[in-house]
Amino acid sequence: MMYNFNEIEAKWQKYWAEQQTFKAENNSTKPKYYVLDMFPYPSGAGLHVGHPLGYIASDIYARFKRHKGFNVLHPQGYDSFGLPAEQYAIQTGQHPAITTEANIKTYRRQLDQMGFSFDWSREVRTSSPDYYKWTQWIFIQLFNSWYNNSSNKAESIDTLVDVFSKEGNSNVDAVCDAAIPVFSADEWNSFPSDRQQQLLLQYRLTYLAETEVNWCPELGTVLANDEIVNGVSERGGYPVIRKKMTQWSMRISAYAERLLQGLDTIDWTDALKESQRNWIGKSVGATVVFDLIDHDSTIEVFTTRPDTIFGVSFMTLAPEHELVHQITTPAQKSLVDAYVLATAKRSERERMADVKTISGVFTGAYAEHPFTKKAVPVWIGDYVLAGYGTGAVMAVPCGDQRDYDFAKHFNIEIPNIFEGIDISNEAFTDKGTTIIANSDFLNGLEYKEASKRAIEALEAKNHGLGKINYRLRDAVFSRQRYWGEPFPVYYINGLPQMIAAEHLPICLPEVEKYLPTEEGEPPLGRAEVWAWDTTLNTVVENHKIDHKTIFPLELNTMPGWAGSSWYFNRYMDPHNTTEFASSEALNYWKEVDLYIGGSEHATGHLLYARFWQKFLFDLGVVPVDEFAKKLINQGMILGNSAFVYRVNLKIINKSKIDIDDKGNQRYPLDALEEVTVRSNVFASNKFLESITKNSISTSNSVFTAQNLEISEVLMRAFKIDDKGIGLVKDHSHLLWISYDPIRIDVNNVDASDRIIDFKKLQSWKEFDNANFLDDQGVLIKEGGEFTTGREVEKMSKSKYNVVNPDDIISDYGADSLRLYEMFLGPLEQYKPWNTSGITGVHNFLKKLWKLYIGQDGLKVTEAEPSKDHLKTLHKTIKKVTEDIENFSFNTSVSTFMIAVNELTAQGCTSKTILEPLLVLIAPYAPHIAEELWEQLGHIESITTAEFPEFDASHLVESVKAYPISFNGKMRFTLELPLDLSKEEIEAAVMRNEKTLAQLEGRVPKKVIVVPGKIVNIVG
RNA sequence: GCUGAAGUGGUGGAAUUGGUAGACACGUUGGACUUAAAAUCCAAUGUCCUUUGGGACGUACGGGUUCAAGUCCCGUCUUCAGUACCA
């Protein structure tokens, strides 16, 4: 009987599905354990071998925990709202729900054939109305809440209204819009309702505000900061500009401190916590108020160095600062206006790219130093950002490098307030223990004490306050897209109204096109049926809007992170129609015990989800305020991309040519001159012998990496054949050349097999000397200036480096794929995929099979196990148990290989050994384990078997092969009984003839004996 | 620049509290089986020297601690990831 993996895997996948083997119960006497994967976005491309890495790890852990007697919740679902489905809909007119459904089918098929132990009865989809009903519900709760700094939690907006009507807002310590005026109870009660609503909006945890947003014209939507990478959109790489729009925002800034503190209570990786800390960006300092001379207004600045206040010699405002126009003197007006205009024109990206140029303009205005009363000139400069702090700084050139550079550039005074520090070349930015000087009452103090005193003095003069600032901005929550959650919001007089929870969900309306309207409204503006009837409490046709009982609905939709910010709670009770999850379910499962996913979500999903969880906790609807106890980031599996390079060579001084011992000419490093290699350089050789990324050899010369300026990427190759010839795939009739797409004449391209024949590209000159292939792709002539090579990078369809798990599974089986992905290396590490290595684990499975099944069937007997058998088994149990608990899955695969190799060599057939061995392997290779388990005569699934217990007594040794070292170098081993004393070991070693041979008559100075470990002879 | 992680054979990677560096695989080479190929099995495989026995050198680089360092300490370099005029 052969190991027929395809048959076995199909059989057991069917069995698990039919028996609902992995269904988790919400009631159990067993302890609970919740293992969660970050749910996938079902893209059209399907899964590649990199995707399941984390799923395999979590699956092994989930299966292990089941064997260990836990009630395991291991669900899976889909983050199924999102841009790609919508982009596809725009191109094809296909409804995103239909393509999403089709993609989910593919994902499900691919996930099923991996043998994952997901409880599919709990599947969630963020795009399903049953699910997004509750996303909308959470939105309403956020709208109905404000953040009370005194109680340090979110509270119902009703409590705020109550306070306002009794005592106004002067005593309220809330996280809210900074521009709210102070009002009394009488004033509040006299405000018209619209005015009250407008004021309340500025306290709510989700609010409408005109904000400057990141607008992506190509995508037609706003993006959150974490959706922008290097100034372009994360998806698609389109440019992003700043634009003012009225948008929904989430007041995540209210939770900044708690999000920061909470990090100390959870077991997440340090790298991930650190990036969240940076993103939150807490800085402790003070705000300082400077009075303007000859003006009523004041300038407020934020500083982390109040101790350096006597070093202030000017102030700088961001060009966008609202005071700029008020305070600029007539004499400076034209210069200032020109500068403001110029900075407004520069994109964010240009400003980021260009940090060296120092620019700025004097406004003509002066502020008064709060202590010295000296006049301080007020400048504007684009090194000050409008969006951080107050958009203004007090410049201390001796203590801040940017202020220093600015002062030097514009010849502004640089007073030194540090004792014994030379500031003639650069600013002194260390906080350390330097003594402050020339600073009145701060003289002689160090940073810490001086800061404290300065803040006290400022507060006493009412000229400032100790303050903590956070970089974390409120998150924009509106997207001008179709394929997202609709808001449960309609508008009366431009003021947002929530639809009552009992009328949810508000389902996405049908539209005939997925583009913005001609008037620039979001796609929902195209819906015929998109108005709210407040008497019938239902969605009705637009044309009925009368602004009396029927009102317009919100046209924006929610961003991608809305649905993913709470899904882990839904899995606990996914079919509940009256609550997002019952309190029984929430209190039973509480939080995710182990969460596995990619580190790219560090400052997006993982921060927003923590925020919502804390809010839901404040609301009293979830029992814990951190949703995931432990989190592991799986590393990415990288692809092997093929490239065609153009080789450039620089030769400087031909008189320096070397001849090496093989007679090759060699150009030394310092002999380089700028010459781009053309084939005529090699005219005498006609053809190159070899070109690699690092060297070129011709029949009589070798050019090495130092004098090659290679690796100008010419194009991405579809693959490289075994002759090293790159085949360039024509995907969308574009070839990528020198980073620029150059359109190739499609008529000259053999599009049928999508492999470009170089011969047909002769119209393009650069290819005249390329490697030519015939119609079968076989090399017929080797050219000169091109070479092919491989580089490791992220797996992606567009890089032609994707390996499809379907192919691996049909060739080797899911168990092989699972084992191999684990065997590749540590879970958290980035590692390249290499298909050829899979034969190793596949052979292992075959050997495992042969250990149980021979040509005549089952080999397993009731024979008593030998000591060696037991030793092999128990050292395997020990190692594998430790490995799983440490998430070191790669080493347990090696341990299995060693165990099977040893047991095979020992000829072990004993059931006492082979039965527990299967349970050890079952989490990793569940199909083969189930099959052999059944062959051993079991009726119940192996998943119900208990994990074997390690028994140390089987590993007790009586002898040890001691490594005998001389001066720390191991020379030979000597087998000695373990119960010898130090002295006995030393005596045994010293009388050994090998020792005597090593010593050659010398007398050792010292002999170190560590019983059970090593002997080292020094001499 | 800052923060975090990491540098070990041709490759992926192993190495408890400092105690036999290179486990386990891949690849390569040689051999067996076969008409042949595939599959399978066996052997060798860090580098260099050596007739064998064996020896020298080896965990990015330079120092140090120690009987003993991939592991600990100091300094340097490189790579990857994140972040960036954050006052």
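Below, all heavy atoms of this structure are taken into account, side chains as well, without hydrogens, waters or symmetry copies. Everything numeric here is computed off the predicted structure, so don't read it as measured data. Each chain gets a letter, A, B and so on, in the order the sequences are listed, and its residues count up from 1.
Ring-plane geometry between Phe896(A) and Phe844(A) is classed as parallel, the angle between the planes falling under 30 degrees on a 0 to 90 degree scale with a further cut at 60. Ring geometry for His601(A) against His605(A) counts as perpendicular: the plane angle is over 60°, on a 0 to 90° scale with 30° as the lower cut.
A distance below 6.0 Å separates the ring centres of Phe5(A) and His842(A). In this structure, Trp379(A) has its ring center no closer than 6.0 Å to that of Tyr339(A).
Relative to the side chain of Thr973(A), the nucleotides rU20(B), rC86(B), rC67(B) differ in distance, and rU20(B) lies closest. Side-chain proximity of Tyr383(A) to the nucleotides rC85(B), rC67(B), rG4(B) is greatest for rC85(B). Closest to the Pro826(A) side chain, of the nucleotides rA87(B), rG13(B), rG12(B), is rG13(B). With rA39(B), rA15(B), rG13(B) as the choices, the nucleotide that has an atom nearest any side-chain atom of Thr891(A) turns out to be rA15(B). Residue Arg471(A) has its side chain nearest to rA84(B) when only rA84(B), rC67(B), rU40(B) are considered.
Among the atoms of the strands shown, only primed sugar atoms or phosphate atoms (P, OP1, OP2) are found under 4.0 Å from some heavy atom of Asn843(A). In this structure, Asn967(A) reaches neither bases nor backbone, as no heavy-atom distance under 4.0 Å exists between it and the strands shown. At a threshold of 4.0 angstrom between heavy atoms, the contacts of Thr839(A) are confined to the sugar-phosphate backbone, with no base atom among them. Looking at heavy-atom distances under 4.0 Å, Asn890(A) makes contact with sugar-phosphate atoms alone, never a base. Contacts of Gln829(A) with the nucleic acid, taken as non-hydrogen atoms under 4.0 Å apart, involve only primed sugar atoms and P, OP1 or OP2. Using a 4.0 Å heavy-atom distance criterion, Val1018(A) is classed as a sugar-phosphate-only contact. At a threshold of 4.0 angstrom between heavy atoms, the contacts of Lys1005(A) with the nucleic acid are absent.
Glycosidic torsion of rG70(B) falls outside 90° of 0, placing the base in anti.
Taking only side-chain nitrogens and oxygens, Arg971(A) never comes nearer than 4.0 Å to OP1 or OP2 of rG53(B).
If you take atom P in rG70(B) and the same atom in rC61(B), they sit 12 Å apart, rounded to whole Å. rC42(B) and rC48(B) have their P atoms separated by 28 Å, given to the nearest Å. Rounded to whole Å, the separation between the P atoms of rG54(B) and rU59(B) comes to 24 Å. Going from the P atom of rA60(B) to that of rA21(B) covers 16 Å, rounded to whole Å. The P atoms of rU20(B) and rA69(B) are separated by 11 Å, rounded to the nearest whole Å. For the P atoms, the distance from rC2(B) to rU66(B) is 34 Å, rounded to whole Å. Separation of the P atoms belonging to rA25(B) and rA15(B) is 15 Å when rounded to the nearest angstrom. As rounded to the nearest Å, rG63(B) and rU52(B) have P atoms that lie 34 Å from one another.
If you measure from atom CZ of Phe844(A) to atom C1' of rA25(B), you get 12 Å, rounded to the nearest angstrom. Taking atom CD1 of Ile358(A) as the reference point, atom P of rC85(B) lies 15 Å away to the nearest angstrom. Between Lys969(A) atom NZ and rA21(B) atom P there is a gap of 11 Å when expressed in whole angstrom units.
Between Lys831(A) and Glu821(A), no side-chain nitrogen of the basic residue sits less than 4.0 Å from a carboxylate oxygen of the acidic one, so the salt-bridge criterion is not met. Comment: Lys878(A) engages Glu882(A) in a salt bridge, judged by a side-chain N to carboxylate O separation of less than 4.0 angstrom.
For the salt bridge (charged side-chain N to carboxylate O under 4.0 Å, His left out) condition, the pairs that include at least one residue of residues 266-281 of chain A, sequence neighbours left out, are Asp264(A)-Arg277(A), Asp267(A)-Lys630(A), Glu274(A)-Arg277(A).
Consecutive pairing runs in RNA chain B reach the stem threshold at B:1-7 with B:77-83, B:10-12 with B:24-26, B:27-32 with B:40-45, B:46-49 with B:54-57, B:60-64 with B:72-76, where a stem means at least three Watson-Crick or G-U wobble pairs with distances under 3.5 Å.
With sequence neighbours left out, the side-chain contact (heavy atoms from CB on, under 4.5 Å) criterion links Ile1014(A) to Pro963(A), Ser965(A), Val1010(A).
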